[in-house]
Amino acid sequence: MIDPRLVRDDLEGVRAMLKKRNMESAVDLDGLRRIDEERRAVIAKTDDLREKRNRVSKEIGKLKSGGGDASALMAEMSGVNDGIKELEAEVERLDADFNELMLSLPNMLSDTVPEGRDESDNLEIRTWGEKPVFDFKPKPHYDLGTELGILDFERGVKLSGARFYVYRDLAAKLERAIINFMLDLHTTEHGYSETFAPFVVNDDSMIGTGQYPKFRDEYYRIERDGLSLIPTAEVPLTNLYRDEILDRERLPVYVTMQSACFRREAGSAGRDTRGLIRVHQFQKVELVKFVEPETSFDELEKLTANAEEVLKRLKLHYRVMLLCSADTSAASTKTYDLEVWMPGLDRYVEISSCSNFLDYQARRARIRYRRAKGEKPAFLHTLNGSGLAAGRTLAAVMENYQTSDGRIEVPEVLKPYIK
RNA sequence: GGAGAGAUGCCCGAGAGGCCGAAGGGGACGGUUUGCUAAACCGUUGUACCAAUACGGUACCGAGGGUUCGAAUCCCUCUCUCUCCGCCA
């Protein structure tokens with residue numbers, strides 16, 4: 001959620017943001033403004049009536065304890081309560097409308113985000129390494145894996161349906177190695193503290209990071225228990241400090257966690273139907289930061305570098321894309337995508353997404369910090385990035401490390417992890 | 001899943017219809033005293049919203065409803081925590 005004050009003080013700035021995101025019609029800003037004004041007026045009225053109730057009730061109490069007759073005052077109060085109840089109901093309704101609109105409003109965009117209409121306007125910031133040269137036609141990971149008997153899509157479908165898969169032997173071991181390698185790197189060299197948290201979370205958590213209420217269709221929800229399967233460890237990690245006030249000395253907080261991620265992929269029927277690229281369940285190592293506002297853009301650069309380091313050590317060629325305004329997710333103010341080269345697919349594939357959310361998530365989840373003793377709590381800034389998506393990393397390793405005789409070499413840094 | 005107990009401010013803990021945003025203690029912060037430390041004493045110490053002229057108003061004692069002129073306090077529902085039993089990796 002953005003600062004509600006912006007609606008009052010800089011509505012045009014908000015409008016410009018929506019326009020830049022290509023979402024001009026997504027939120028009725030003028031309606032939002034009206035609701036806010038009405039809401040505040042009704043709150044003021046309600047408070048006045050309550051003040052009267054409190055004041056008169058006190059007088060009644062005093063009168064009665066002095067043995068006096070309070071019936072006149074009590075008669076005066078008879079209508080007041082109904083009035084308060086009516087107004088309270090109105091405030092509740094207006095608050096609900098206001099919040100719904102506020103929650104559906106995307107984050108303000110950083111000035112550094114290029115304007116664009118779709119992903120083709122994303123900006124290549126830098127590349128690392130080079131496309132590997134093969135003296136044979138490299139296979140896509142799904143053919144290679146199926147032929148080797150280590151990726152079993154048919155049985156994945158039998159067990160669960162389309163976009164599910166089974167790993168056997170080297171695939172299972174490689175992915176486990178990849179995860180352990182990434183966790184070790186981030187915890188021993190990048191300063192993240194390893195965390196393990198639930199894969200199922202309540203609605204407050206999903207709202208806190210921005211998944212709900214807007215994008216309900218994208219996620220698996222267990223109706224019976226009111227819990228959702230996490231689409232990323234960002235959700236439990238960021239919500240770790242929901243409704244808390246941290247001391248400044250604790251910041252920055254860096255956490256990392258490996259988890260399964262569950263996505264319904266509702267809007268992507270027909271896209272990436274083969275292989276490990278787009279699946280309903282995958283593993284990922286997530287990086288999350290809680291930082292002081294002044295530092296969040298620097299922290300984004302460092303976070304992105306932490307994710308890049310994984311690809312460098314795996315010696316996988318990649319490029320860093322600065323997402324354009326239309327492609328930057330609603331909660332983010334600025335996002336870098338890491339795209340790894342997949343020689344079998346003959347294209348780059350997103351393998352990490354690193355974002356600065358400013359106080360957007362912190363507001364929704366009420367995560368604050370105290371600058372100094374005695375000072376008011378302030379919202380901190382949150383960031384996160386994949387470090388990396390394990391399934392796609394496995395696919396990238398398979399495609400980049402395949403040999404002419406159809407085998408897969410194990411990258412040097414993973415060897416200690418493969419027994 | 002069954003039975004019972006509980007949820008109050010940073011922490012402990014009182015409060016049992018009005019004078020309670022909440023006693024008391026601890027902690028933290030500021031001050032006095034002091035060669036330093038310690039001790040003692042005094043003071044301060046929640047969050048959000050409305051209005052912004054204010055030493056202004058409102059809400060919050062797990063959450064949501066109800067009773068009442070008035071609820072931390074009475075009633076109902078829910079959530080969570082703890083203990084015992086059952087089940088279980």
Q: Would you classify A:Lys64 as touching base, sugar-phosphate or nothing, given that sugar-phosphate means primed atoms plus P, OP1 and OP2, and contacts are heavy atoms under 4.0 Å?
A: base
Q) Expressed in angstrom and rounded to an integer, what is the separation of A:Glu92 atom CD from B:rG65 atom C1'? A) 11 Å
Q.
In this structure, is the centre-to-centre distance between the rings of A:Phe153 and A:Tyr142 below 6.0 Å?
A. no
Q. Which pairs count as salt bridge (charged side-chain N to carboxylate O under 4.0 Å, His left out) when at least one residue sits in residues 154-166 of chain A, sequence neighbours excluded?
A. A:Asp152-A:Arg155
(Q) I want to verify a distance call: between B:rG65, B:rC50, B:rG18, whose nearest atom is closest to the A:Ser57 side chain? (A) B:rG18
Q. Looking at the side chain of A:Arg53, which of B:rA59, B:rC50, B:rU67 is the nearest nucleotide?
A. B:rA59
Q: Using the C1' atom as the reference point in each nucleotide, state the distance between B:rU34 and B:rC41 in Å, no decimals.
A: 13 Å
Q. Under 4.0 Å: is that the gap between some side-chain N or O of A:Lys376 and OP1 or OP2 of B:rU47?
A. yes
**Q.** Rounded distance in Å - CD1 (A:Ile245) to C1' (B:rA28)
**A.** 15 Å
Q | Atom pair distance, as rounded to whole Å: CZ in A:Arg55 and P in B:rG57 | A | 11 Å
Q: Take atom CZ of A:Arg370 and atom C1' of B:rG46, then tell me their distance rounded to the nearest Å.
A: 8 Å
**Q.** Sequence-distant partners of A:Lys173, side-chain hydrogen bond (donor to acceptor under 3.5 Å, both in side chains), two or more places apart
**A.** none
**Q.** Integer angstrom distance from the P of B:rG62 to that of B:rU8
**A.** 6 Å
Q: Sequence neighbours left out, what pairs pass salt bridge (charged side-chain N to carboxylate O under 4.0 Å, His left out) with at least one residue falling in residues 202-212 of chain A?
A: A:Asp203-A:Arg221
(Q) In whole Å, measure the gap between the C1' atoms of B:rU45 and B:rU37 for me. (A) 25 Å
Q.
I'd like to check the salt bridge (Lys or Arg N to Asp or Glu O under 4.0 Å) partners of A:Asp95; sequence neighbours left out, ordered by chain and number.
A. A:Arg39
**Q.** Whole angstrom value for the distance that separates P of B:rC69 from CG of A:Asp82
**A.** 11 Å
Q. What pairs of residues pass the salt bridge (charged side-chain N to carboxylate O under 4.0 Å, His left out) test when at least one of them lies in residues 331-344 of chain A, not counting sequence neighbours?
A. A:Arg319-A:Glu339
Q) Think A:Arg8 has a side-chain N or O under 4.0 angstrom from the OP1 or OP2 of B:rC50? A) yes
Q: Rounded to whole angstrom, note down the P distance from B:rG25 over to B:rA14.
A: 15 Å
Q) Expressed in whole Å, how much space separates the P atoms belonging to B:rG56 and B:rC61? A) 22 Å
Q: Can you tell me, in whole Å, how much space there is between the C1' of B:rC10 and that of B:rG21?
A: 16 Å
Q. Going by number, which of residues 44-52 of chain A have a non-hydrogen atom under 4.0 Å from RNA chain B?
A. A:Ala44, A:Asp47, A:Arg50, A:Glu51
Q) Within this structure, what is the CG-to-P distance between A:Asp243 and B:rC10, rounded to whole angstrom? A) 13 Å
(Q) Is it the case that the side chain of A:Gln283 and the backbone of A:Ala390 share a donor-acceptor pair, with hydrogens and angles ignored and the cut-off at 3.5 Å? (A) no
Q. Just how far, in rounded Å, is C1' of B:rC49 from CZ of A:Arg39?
A. 8 Å
Q) Can you find a pair of side-chain heavy atoms, one from A:Leu414 and one from A:Leu314, that are under 4.5 Å apart? A) yes
Q) Is any side-chain N of the basic residue among A:Lys415 and A:Glu412 closer than 4.0 Å to the acidic one's carboxylate O? A) yes
Q: State the dot-bracket string of RNA chain B. Criteria: Watson-Crick or G-U wobble, both atom distances under 3.5 angstrom; notation: ( ) intrastrand, [ ] crossing earlier pairs, | interstrand, . unpaired.
A: ((((((((.[[[..)..(.....]]]((((((.......))))))(((((.....))))).[[[[[..)....]]]]])))))))....
Q: Using the salt bridge (charged side-chain N to carboxylate O under 4.0 Å, His left out) rule, collect all pairs that involve residues 250-269 of chain A, keeping only residues at least two apart or in two chains.
A: A:Glu265-A:Arg278
Q. Which nucleotide in the set B:rC50, B:rU47, B:rU58 lies at the smallest distance from any side-chain heavy atom of A:Asn54?
A. B:rU58
Q: Take atom NZ of A:Lys85 and atom C1' of B:rG64, then tell me their distance rounded to the nearest Å.
A: 14 Å
Q.
Suppose we screen for side-chain contact (heavy atoms from CB on, under 4.5 Å). Which residues come up paired with A:Ile2, at least two apart in sequence or across chains?
A. A:Leu6, A:Val14, A:Met102, A:Leu105, A:Asn107, A:Met108, A:Tyr360
(Q) Does a side-chain N or O of A:Arg368 approach OP1 or OP2 of B:rA48 to a distance below 4.0 Å, or not? (A) yes
Q: By nearest nucleotide on RNA chain B, pick out whichever of A:Ile43 and A:Gly61 is the more 5' one.
A: A:Gly61
Q | Separation between the P atoms of B:rA72 and B:rA16, rounded to whole Å | A | 13 Å
(Q) For a quick check of understanding: with a heavy-atom distance under 4.0 Å over all strands, which category does A:Met74 fall into, base, sugar-phosphate or nothing? (A) base
Q. Using atom C1' of each nucleotide, how far apart are B:rA5 and B:rC19 to the nearest Å?
A. 33 Å
